[in-house]
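Note on naming: letters A, B, ... go to the chains in the order of the sequence lines (proteins, then strands), and numbering restarts at 1 for each one.
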Number of protein chains: 2
Amino acid sequence: MTAAPKPRQTRQRTEILSALAAAGDFRSAQQWHDVLRHESSTVGLATVYRALQSLAESGEVDAVVTDSGETLYRRCEAGEEHHHHLRCRRCGAAEEIDVPDFEDWAAKLARKHGYSSLDHTVEITGLCTVCARSSD
Amino acid sequence: MTAAPKPRQTRQRTEILSALAAAGDFRSAQQWHDVLRHESSTVGLATVYRALQSLAESGEVDAVVTDSGETLYRRCEAGEEHHHHLRCRRCGAAEEIDVPDFEDWAAKLARKHGYSSLDHTVEITGLCTVCARSSD
DNA sequence: TTGGTATTGATAATCATTGTCAATAAGCAA
DNA sequence: TTGCTTATTGACAATGATTATCAATACCAA
């Protein structure tokens, strides 16, 4: 197993974390990079990619992959349970939803099939009211 | 709405369909292209991409996006209900699973939030028994 | 403070996927 | 069947997100 090597606390990492904390929605690495640049930060794009990636692995941020293959990141409130989203595939708006009993159910099912180290993705997408109206 | 323009029945499209029918697992466009080439087909890679894409849109094949952003395609048995999978993230093995009441539940929830044109992804991943054993 | 080393950032490289466009071949009408 | 219109094809260039490279820099433990 990979014993978590504990990342150093750098200026860049701090800035990225506060950007994440300030805006609560899903954005791509490039978008977060833009945000930081507009706040006169000098973080490099590669650094943003690396930070978001490691934060996602350690569970400190949520990550979803869009249909086009882009990865979006969002802050994950501390102490919050693992959760799921209802997302607009047009504008990206996301609402947190609660999937009753899903966790338990998934664990049980996987065990039955002999699977371990579980993970899962539940993504419900659609068109939000605004986007649905403008798509006729 | 986009009125389905009905695709022509070409040699390439037929070959792709039979490859899909012959092997029932999830593979990327490039992998399907390899399969076809090994069967002495001359289909171009771009054509495979285009065919799989249109087949996925019309619901004739299942498509899933992996964590790395790759899109995998698999035949979708005619007459079969929309379904979900338990997939090994190491070797790619997939088993069809039944998610009780999920469809209904998702539709109801989305309606409550005003979302339309629903779609959803439920992917449960883990390590199958074989891969779990070899990963210590 | 200092040394060892993780991190950074500019940029090149990768890799899946899409666009381009002339050549080809469905499918329809006569 | 023949000819014609137009979707489809395929080789290859282009895109776009992400990753690798590597010298310079900055944590942080001693």
OP1 or OP2 of C/dT7 sitting under 4.0 Å from any side-chain N/O of A/Thr47? no
May I ask you to say what B/Thr42 touches in the nucleic acid, namely base, sugar-phosphate or nothing, with a heavy-atom cut-off under 4.0 Å? sugar-phosphate
How close or far is atom P of D/dT18 from atom CD of A/Gln30, stated in whole angstroms? 6 Å
Could you tell me the separation between the CZ atom of B/Arg13 and the P atom of C/dT24, rounded to a whole number of Å? 20 Å
Which ones in residues 48-58 of chain B lie close to DNA chain C, meaning a heavy atom under 4.0 Å from one of its atoms? B/Tyr49, B/Arg50, B/Gln53
B/Glu15 has an atom CD; how far is it from atom P of D/dT8, in whole Å? 16 Å
Looking at A/Thr47, A/Val48, A/Thr42, A/Leu45, which one forms a side chain to side chain contact (heavy atoms under 4.5 Å, CB included) with A/Leu36? A/Val48
A quick test of your reading: do over 12 heavy atoms of other residues, nucleotides or ligands sit less than 6.0 Å from CD of B/Gln9? no
Student check: side-chain heavy atoms of A/Val35 and A/Arg27 closer than 4.5 Å: yes
Between CG of A/Leu45 and P of C/dT7 the distance, given in whole Å, is 18 Å
Between A/Arg75 (side chain) and A/Ala21 (backbone), is there a donor-acceptor pair under 3.5 Å? yes
Reading nucleotides 25-30 of chain D from the 5' end, what letters show protein touch, with B for base, S for backbone sugar-phosphate only, - for no heavy atom under 4.0 Å? -BBS--
So B/Arg13 and B/Ser54, do their side chains get closer than 4.5 Å, heavy atoms only? yes
Looking only at heavy atoms, which two atoms of B/Ser58 and B/Leu55 are closest? And how far apart? OG-O, 3.2 Å
Measuring only between side-chain heavy atoms, which start at C-beta, is B/Gln30 closer than 4.5 Å to B/Tyr49? yes
Scanning both residues in full, the closest heavy-atom pair of B/Tyr73 with B/Val61 reads CD2-CG2, 4.0 Å
Between B/Thr71 and C/dT17, does any side-chain N or O lie under 4.0 Å from OP1 or OP2? yes
4.5 Å side-chain heavy-atom contact, A/Leu20 and A/Trp32: yes
Rounded to whole Å, the CH2-P distance (B/Trp32 to C/dT17) equals 14 Å
Take the protein atom NE2 of B/His33 and the nucleotide atom C1' of D/dT9, then report the distance between them rounded to whole Å. 12 Å
From CD of B/Glu70 over to P of C/dT14, roughly how many Å is that when rounded to an integer? 17 Å
